[in-house]
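Every number for a ligand or one of its atoms is a count from 1 in the order of the listing.
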Amino acid sequence: MLRTAVLVSGGGTNLQAILDAKAAGRIPDAEIALVIASNPGAYALERAKQAGVPGVVVQKAKGEAIEAYGERLLAVLRENRIGLCVLAGFLTILPENVIRAYDHRILNIHPSLIPSFCGKGFYGLKVHEAALSYGVKVTGATVHFVNEIPDGGEIIAQKAVYIRPDDTPETLQRRVMEEAEWVLLPAAVEDVAKEIRNSEFGMRNLEL
Ligand code: GAR
């Protein structure tokens with residue numbers, strides 16, 4: 001199994017969806033080996049603990065150079081022999097040294113149909129506020145590989161969700177999670193882990 005880290009910043013419902021899918025046997029190619037939180041208050045750490053997955057906090061210090069923070073993150077990933085990273089509501093921009101080291105090995109879930117309502121400043125509820133104020137009738141979620149462009153990496157999977165006339169940002173956020181994010185992300189983790197394990201690229205990684 002490919003050792004996988006899930007990176008989180010908040011409630012961790014997407015982490016929970018991955019943990020539940022794993023427990024149900026729907027992610028046979030990845031081992032959820034580590035949860036990395038960007039802050040000690042993230043409830044996702046509690047979810048990791050409940051599931052018996054080790055959790056660590058790697059927080060960017062005030063004034064710390066982004067590359068130095070990246071080196072600290074890389075050290076944790078390497079120490080834990082991580083071959084795949086999943087950003088599940090991780091709100092710190094990943095440094096380029098991490099993105100380069102894990103090329104095509106970092107997934108992100110974004111709560112809209114990219115290229116709408118994405119990029120710098122679009123996260124969490126703000127994405128749904130923007131969709132509602134624009135007046136789109138369909139939104140959804142996207143899983144994509146992470147590259148140096150915020151929300152700009154190759155798209156892996158998308159799922160559409162219809163907007164209702166009485167939606168608020170909160171009701172829409174909840175429905176996008178239930179109907180799209182919690183379905184798409186665990187499936188994408190399995191697909192990518194399987195692909196990496198079946199490729200030569202993956203075999204090299206297993207020596208990590
Ligand atoms: C999710 O809706 C995720 O798509 C979003 O943050 C939420 C985290 O919730 N991510 C972004 O907006 C990234 N740009 P969770 O902690 O309950 O999984």
Side-chain angles (χ1 to χ4, degrees), residues 4-23 27 32 34-51 53 55-60 73 85-95 98-99 106-134 136 138-161 163 167-189 192:
T4 300
V6 184
L7 283 75
V8 295
S9 295
T13 64
N14 278 287
L15 165 67
Q16 191 66 56
I18 293 170
L19 293 170
D20 292 348
K22 179 70 202 168
I27 314 185
I32 312 306
L34 184 67
V35 169
I36 299 178
S38 64
N39 65 86
Y43 182 71
L45 284 170
E46 184 57 34
R47 297 181 189 270
K49 197 172 158 194
Q50 295 286 329
V53 175
V56 291
V57 178
V58 184
Q59 190 163 24
K60 187 176 174 302
L73 209 48
C85 298
V86 182
L87 310 188
F90 186 67
L91 298 181
T92 305
I93 297 279
L94 269 194
V98 178
I99 294 172
I106 309 175
L107 312 186
N108 180 46
I109 177 96
H110 182 77
S112 75
L113 294 174
I114 289 176
S116 290
F117 314 117
C118 64
K120 211 169 182 289
F122 285 101
Y123 59 88
L125 215 51
K126 288 178 195 286
V127 179
H128 305 291
E129 284 164 359
L132 288 177
S133 79
Y134 197 95
V136 292
V138 183
T139 184
T142 303
V143 179
H144 63 92
F145 285 114
V146 172
N147 67 7
E148 63 291 345
I149 303 160
D151 297 326
E154 186 187 329
I155 290 174
I156 297 166
Q158 292 189 301
K159 193 163 188 286
V161 173
I163 290 177
D167 263 329
T168 64
E170 288 79 10
T171 62
L172 185 57
Q173 179 181 50
R174 180 77 195 177
R175 221 168 52 259
V176 167
M177 283 177 159
E178 281 173 359
E179 291 180 16
E181 297 186 46
W182 302 340
V183 182
L184 276 188
L185 190 57
V189 171
V192 173

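Environment of CG in L91: crowded, with over 12 heavy atoms of neighbouring residues, nucleotides or ligands closer than 6.0 Å.
Under the salt bridge (Lys or Arg N to Asp or Glu O under 4.0 Å) criterion, E170 pairs with no residue at all, not counting sequence neighbours. Qualifying side-chain hydrogen bond (donor to acceptor under 3.5 Å, both in side chains) partners for D167, counting only residues two or more places apart in sequence or in other chains: T171, R175.
A 4.5 Å side-chain heavy-atom check between V53 and L19 finds at least one atom pair inside the cut-off. Residues L7 and V86 fail the side-chain proximity criterion, which asks for heavy atoms closer than 4.5 Å.
Ranking protein heavy atoms by distance to atom 11 (C) of ligand 1, first place goes to P111 CD, 3.6 Å. Ranking protein heavy atoms by distance to atom 6 (O) of ligand 1, first place goes to G89 CA, 3.8 Å. The protein heavy atom nearest to atom 16 (O) of ligand 1 is G12 N, 2.8 Å. For atom 14 (N) of ligand 1, the closest non-hydrogen atom of the protein is H110 ND1, 3.2 Å.
Checked against a 3.5 angstrom limit, the closest N/O atoms of D151 and ligand 1 fall outside it. For M177, no nitrogen or oxygen atom sits less than 3.5 Å from a nitrogen or oxygen atom of ligand 1, counting backbone and side chain alike. Looking at ligand 1, you'll find an N or O of E181 within less than 3.5 Å of one of its N or O atoms. Considering backbone and side-chain N/O of N14, one or more are found under 3.5 Å from N/O of ligand 1.
Once rounded to the nearest 0.5 Å, the distance linking CZ of F145 with CD1 of I99 reads 13.5 Å. Interatomic distance, T142 OG1 to N108 CG, rounded to the nearest 0.5 Å: 9.5 Å.
Residue contacts with ligand 1, taken as heavy atom pairs separated by less than 4.0 Å, do not involve F90 at all. The residue Q173 has no part lying near ligand 1, judged by heavy-atom distances below 4.0 Å.
Using a 4.0 angstrom heavy-atom cutoff, A44 does not count as in contact with ligand 1. Within the structure, ligand 1 has I109 among the residues with a heavy atom less than 4.0 angstrom away.
Here is the list of ligand 1 atoms found below 4.0 Å of a heavy atom in G124: 11 (C), 12 (O). The F122 neighbourhood of ligand 1 comprises atoms 14 (N), with distances under 4.0 Å to a heavy atom of that residue.
No donor-acceptor pair closer than 3.5 Å links the side chain of H144 to the backbone N or O of Q158. For the pair N39 (side chain) and S9 (backbone), a donor-acceptor distance under 3.5 Å is present.
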